[in-house]
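Data first, discussion second: the structure below is written as structure tokens.
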Amino acid sequence: MSISRRTARSVRILGVASATAALALGAAGNALACNISEFSAEAKCDGTKGIISVTDVDASGTKATVSVFLESNGADAKKVGEQDVEGSRQGVTITFAEDWKPNATYRVHVKAGNQVDKDIPTNVTAPSTACATESPSPSTSETPKPSETPSSPASSGTPSANPSESESSAAPATSGDNAPSPAAGSSNLAETGANSNTPMIAGIAGALVVVGGGAVFLGMRRRGASKSS
């Protein structure tokens, strides 16, 4: 049984459509697959701190693990850190805190399931200038404060216009205070001095003593003579 031309033509059209659909599905699958080209990295400053930022623009949202390494002479000097990221068409960025030195080099590795296990093709090179540091603010305590009250002027040899109360209240000295005061005990000397009657009294007392002694002597002789007779 022969196939009509119309049937053969329909089969050919169906085959072409199937092939086209297969190619489209394949292209779509490749477009949704995670690719290393969808990752980028950069060293920059976040204020005064250095960071390494990694951006994932994978539209499929495949979970990927990103690792960052500091390079030295073509080898890993240290591992800065490791984080997971799920990209998007708009892009998702993750950051790694790193106090990088000017012109330092970093290697960024991406592992996304069984689709990607590669380094970002170009290593990250830090800027040639370090992040700016905060300048210390001047201390307010160092600023000298002006004196609120002026200091009193030093005393000079010029006498004060207003004499002190102690000087003005002192009583003037009387003329009689300038006369010499009599010597202590001068009145007693006048009473017992050479001009008094003391020598005369002493002479009379001495004479009486002599007279009394003679009288006693004479009385004793008379009493002895009367006893002997």
If you compare all heavy atoms of Asp56 against all heavy atoms of Glu86, which two are closest, and at what distance to 0.1 Å?
OD2-C, 4.0 Å
Leu70 CG to Arg107 CZ distance, which is reported to the nearest 0.5 Å:
11.0 Å
If you compare all heavy atoms of Val108 against all heavy atoms of Ala41, which two are closest, and at what distance to 0.1 Å?
CG2-CB, 3.8 Å
Side chains of Asp46 and Thr95: closer than 4.5 Å at any heavy-atom pair?
no
Could you tell me whether Glu82 and Lys111 have a side-chain N and a carboxylate O separated by less than 4.0 Å?
no
How long is the straight-line distance from CD1 of Ile120 back to CD of Glu42, given to the nearest 0.5 Å?
11.5 Å
Nearest 0.5 Å, what's the CG-OG distance between Asp58 and Ser88?
9.0 Å
Side-chain donor/acceptor of Trp100 to backbone N/O of Thr105, under 3.5 Å:
no
Is there a continuous path of hydrophobic side-chain contacts, each under 4.5 Å between heavy atoms, that joins Ile51 to Phe39?
no
List the atom of Ala130, the atom of Pro102, and the distance in Å for their closest heavy-atom pair.
N-CG, 3.9 Å
Pick one: which of Val124, Val85, Ile94 meets side chain to side chain contact (heavy atoms under 4.5 Å, CB included) with Val54?
Ile94
Could you tell me whether the side chain of Lys49 reaches within less than 4.5 Å of the side chain of Asp99, counting heavy atoms only?
no
Can you see which heavy atom on Ser60 is nearest to which on Cys34, and at what distance?
OG-N, 4.2 Å
Please tell me whether Thr55 and Thr93 have a donor and an acceptor in their side chains that are separated by less than 3.5 angstrom.
yes
What distance separates Lys78 NZ from Tyr106 OH, expressed to the nearest 0.5 Å?
6.0 Å
Once you round to the nearest 0.5 Å, how far does CG of Asp117 lie from NE2 of His109?
4.0 Å
Looking only at non-hydrogen atoms, find the nearest pair between Ser72 and Ala77 and report the distance.
CB-CB, 3.8 Å
What is the distance from atom NZ of Lys118 to atom OG of Ser37, rounded to the nearest 0.5 Å?
9.0 Å
Side-chain donor or acceptor of Glu38 paired with backbone N/O of Asn35 under 3.5 Å
yes
Cluster link Val116 to Val92, ILVMFWY, side chain under 4.5 Å:
yes
I'd like to know if the side chain of Glu98 and the backbone of Ile52 have a donor-acceptor N/O pair within less than 3.5 Å.
no
Shortest non-hydrogen separation from Cys131 to Gly47 and the atoms involved:
CB-O, 4.4 Å
